[in-house]
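I have placed the structure first, in the form of structure tokens, so that the comments after it can refer back to it.
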Amino acid sequence: MAAVPLSPLPEGYYESTNPFLVHGPRGFEEFKLLESFGMYARMDFPGVPEECLRVSLDPAKKSLAVYADAPLVHRHDSAHRKYLSVIQTVCRCCLFDGFTYQMSDGVLRLHLSKTNIDPPRSSCIEFKYSAFGEVVFVDISGNDMDESYESKQLEDGSLYVRLDMPGVPKDNFTVSVANGRVNVTGQAPALSHDSGSRFYSGDVAILSGPVDFTSHRVKTIIKNGVIRLLVPSL
């Protein structure tokens with residue numbers, strides 16, 4: 001009895017990039033202007049460990065670049081992923097003067113501070129958000145950004161599944177098997193200035209019969225906001 005992949009149905013932009021997101025803030029990133037004349041950014045980089053992240057402020061202090069590399073973890077992974085995100089000021093009166101960040105569970109949380117160049121211009125006040133947060137987010141490894149899910153039928157009849165659930169700690173995942181369906185859920189708590197928590201859930205595989213078995217038979221690798229499953233054949 002073989003395990004067969006289930007392809008989630010896309011229902012919009014973010015749903016097509018991560019169809020397992022049930023509720024919570026949608027999108028790869030969110031930005032928030034802070035009362036302290038700074039900005040908070042949350043960016044999803046599932047599969048990226050902190051040592052594979054580089055944040056760089058340009059010498060002119062007008063833009064900040066984030067380079068992220070999600071390496072291969074399992075031999076059945078199709079490809080590694082590399083990402084580039086750029087935040088830049090588009091006004092003439094502001095410069096970035098510093099940043100701090102935290103990377104955990106495939107999510108980068110970035111605090112940016114800026115300063116006015118004398119004299120400050122009124123245009124920065126009128127266009128506060130656009131002047132401070134123009135973002136480019138691209139996959140520079142040649143992969144589609146909507147590849148938050150992949151499955152692969154193996155020669156022994158088992159099924160390999162990889163799915164992204166950025167922000168979910170490794171102890172907040174649940175794998176269950178009921179009525180021949182393999183279901184994965186994950187809870188990503190709201191941290192720092194996140195606008196809310198995120199909940200992921202979905203069926204990732206169906207067995208060729210309505211059987212139940214203990215989830216311990218499904219091998220799991222949980223790392224940096226990505227869960228990998230090996231679903232055995234029966």
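Keep in mind that the numbers below use all heavy atoms, side chains included, and drop hydrogens, waters and symmetry copies. Since the structure is predicted, the reported quantities are computational estimates derived from the model, not experimental observations.
In the hydrophobic cluster analysis, where Ile, Leu, Val, Met, Phe, Trp and Tyr join through side-chain heavy atoms closer than 4.5 angstrom, L33 is grouped together with L112. Linking ILVMFWY residues whenever their side-chain heavy atoms come closer than 4.5 Å, directly or via other members, places L163 and V168 in the same cluster. Under a hydrophobic clustering in which Ile, Leu, Val, Met, Phe, Trp and Tyr are joined whenever their side-chain heavy atoms come within less than 4.5 Å, directly or via other members, V161 and L21 fall into the same cluster. There is no path of hydrophobic side-chain contacts, each under 4.5 Å, that joins L154 to L229. In the hydrophobic cluster analysis, where Ile, Leu, Val, Met, Phe, Trp and Tyr join through side-chain heavy atoms closer than 4.5 angstrom, F96 is grouped together with Y101.
Between the side chains of D69 and Y83, not a single donor N or O lies within less than 3.5 Å of an accepting N or O. Between Y200 and D164, the side chains place no donor N or O within less than 3.5 Å of an acceptor N or O (distance only, hydrogens not considered).
In terms of modelled atom types and a separation under 3.5 Å, the side chain of N172 and the main chain of G186 share no donor-acceptor contact. With K152 contributing its side chain and H76 its backbone, the two residues share a donor-acceptor pair below 3.5 Å. The backbone N or O of V231 lies less than 3.5 Å from no partner atom in the side chain of K219, so there is not a single donor-acceptor pair.
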Side chain to side chain contact (heavy atoms under 4.5 Å, CB included) evaluation trace for K114 with L95: CA-CA 5 Å; K114 67 172 183 174; L95 296 175; over 6 Å; no
Go through it in stages, so that I can follow the logic: the residues are R198 and V107, the test is side chain to side chain contact (heavy atoms under 4.5 Å, CB included), and I'd like the CA-CA distance, side-chain angles, deciding distance and then a yes or no. CA-CA 12 Å; R198 291 183 283 178; V107 176; 3.8 Å; yes
Assess whether side chain to side chain contact (heavy atoms under 4.5 Å, CB included) is satisfied between L84 and V66, documenting all intermediate values. CA-CA 6 Å; L84 166 65; V66 180; over 6 Å; no
Run the side chain to side chain contact (heavy atoms under 4.5 Å, CB included) test on N183 and V175 for me, step by step, so that the C-alpha distance in whole Å, both residues' side-chain angles and the decisive distance to 0.1 Å come before the verdict. CA-CA 6 Å; N183 180 271; V175 179; over 6 Å; no
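Separation of atoms CG (D44) and OG (S85) is listed at 11.0 Å; rounding is to 0.5 Å. Note: R109 CZ to S104 OG = 5.0 Å, rounded to the nearest 0.5 Å. The line from CE of M39 to OG of S113 is 11.0 Å long, rounded to the nearest 0.5 Å. Going from atom CG of L159 over to atom CG of L230 covers 8.5 Å, rounded to the nearest 0.5 Å. Atom CD of E50 is separated from atom CD of Q102 by 8.0 Å, given to the nearest 0.5 angstrom. Interatomic distance, CZ of F20 versus CD1 of I227, reported as 10.5 Å (0.5 Å rounding).
Outside the 6.0 Å centre-distance limit, the rings of F31 and Y40 are not counted as a close aromatic pair. The ring of F99 has its center no closer than 6.0 angstrom to the ring center of H111.
Closest approach of S158 and Q153 over heavy atoms only: O-NE2, 3.5 Å. Pairing each heavy atom of A188 with each of P166, the nearest pair is CB-O, 3.9 Å. Of all non-hydrogen atoms in D203 and R181, the two that sit nearest each other are OD2-NH1, 3.2 Å. Across every non-hydrogen atom of Q88 and S63, the tightest pair is CB-CB, 3.6 Å. Contact between T185 and S201 at its shortest, heavy atoms only, is CG2-OG, 3.1 Å. Minimum heavy-atom separation, V48 to M103: O-CE, 3.2 Å.
Side-chain contact between M165 and V226: absent, with no pair of heavy atoms (C-beta onward) separated by less than 4.5 Å. In this structure the side chain of T174 never reaches within 4.5 angstrom of the side chain of V184, judged on heavy atoms. Looking at P25 and S197, their side chains never come closer than 4.5 Å, going by heavy atoms from C-beta outward. Counting heavy atoms from C-beta outward, V55 and L64 have side chains that approach closer than 4.5 Å.
By the neighbour-count criterion of 12 heavy atoms within 6.0 Å, atom NZ of K62 is densely surrounded, having more than that number from other residues, nucleotides or ligands.
Between R228 and D77 there is a salt bridge, with a side-chain nitrogen of the basic residue lying less than 4.0 Å from a carboxylate oxygen of the acidic one.
Ring orientation note: the planes of H74 and Y160 are close to parallel, at an angle under 30° on the 30°/60° scale. The aromatic rings of F199 and H23 lie parallel to each other, with less than 30° between the two planes, well short of the 60° mark.
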